[in-house]
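Quick caveat, the model's predicted, so the values are computed rather than measured.
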Amino acid sequence: MLALYKEHRINPLSGFLLLLIQLPILIALFQVFQNPTAGLNYTFLRLINLQESSMIIVVIAAILQYILGRMSMRLYSGDDAGAGVAKTMIIIGPALTLIFLYPLPAAVGIYWITTTLFSLVQQW
């Protein structure tokens, strides 16, 4: 497997590095908006309270995850082994997004939406 990675110049840990960069940001967002200080009211465009869970944000994030999954399906041919995994992830990705983002503050969901939008542009 390592020879295959070396032959095609693929680094299997490249995705993990990006996660290490994003994880402290997610934790900081969670801490800031979960434990408000001095009674401040954080709102997004004066519509959504960033400290509370927002079903609108969660649904938008799940829809964008679905679109990202559909875009990634174009990379696989019908006979490719990765196509089966990609088809499964089209459903599992948005479902996990719904499950994990629902109890979290809306600020984390907005961050998730932003990173998904950047991934959509990069995939496009």
Query - pair Leu98-Tyr102: side-chain heavy atoms closer than 4.5 Å - result: no

Query - Joint cluster assignment, Trp112 & Ile27, ILVMFWY side-chain distance < 4.5 Å - result: no

Query raised in the report: Can you list the residues that meet the side-chain contact (heavy atoms from CB on, under 4.5 Å) rule with Ser119, with sequence neighbours excluded?
Result: Leu68

**Report entry** From Ile90 atom CD1 to Arg70 atom CZ, the distance as rounded to the nearest 0.5 Å
**Finding:** 5.0 Å

Report task. Output, in order, the C-alpha distance, side-chain angles, deciding distance and verdict of side-chain contact (heavy atoms from CB on, under 4.5 Å) for Leu120 and Leu117. Result -> CA-CA 5 Å; Leu120 282 170; Leu117 285 172; 4.2 Å; yes

Query raised in the report: Under a 4.5 Å side-chain heavy-atom rule over Ile, Leu, Val, Met, Phe, Trp and Tyr, are Ile99 and Ile60 clustered together?
Result: no

Query raised in the report: Among Thr97, Leu64, Ile63, whose side chain to side chain contact (heavy atoms under 4.5 Å, CB included) with Thr116 holds?
Result: Leu64

Query raised in the report: Would one find more than 12 heavy atoms of other residues, nucleotides or ligands at under 6.0 Å from atom CD1 of Ile56?
Result: no

Report task. State, to 0.1 Å, how close Ala106 and Ser54 come at their nearest heavy-atom pair, and which atoms those are. Result -> CB-CB, 3.9 Å

Report summary line: Rounding to 0.5 Å, atoms CG (Leu96) and CD (Gln65) come to a distance of 9.5 Å

Query - Side-chain heavy-atom pair Ile57, Leu101 within 4.5 angstrom cut-off - result: no

Report task. Look at the side-chain heavy atoms of Ile, Leu, Val, Met, Phe, Trp and Tyr, link any pair under 4.5 Å apart, and say whether Trp124 and Ile67 land in one connected group. Result -> yes

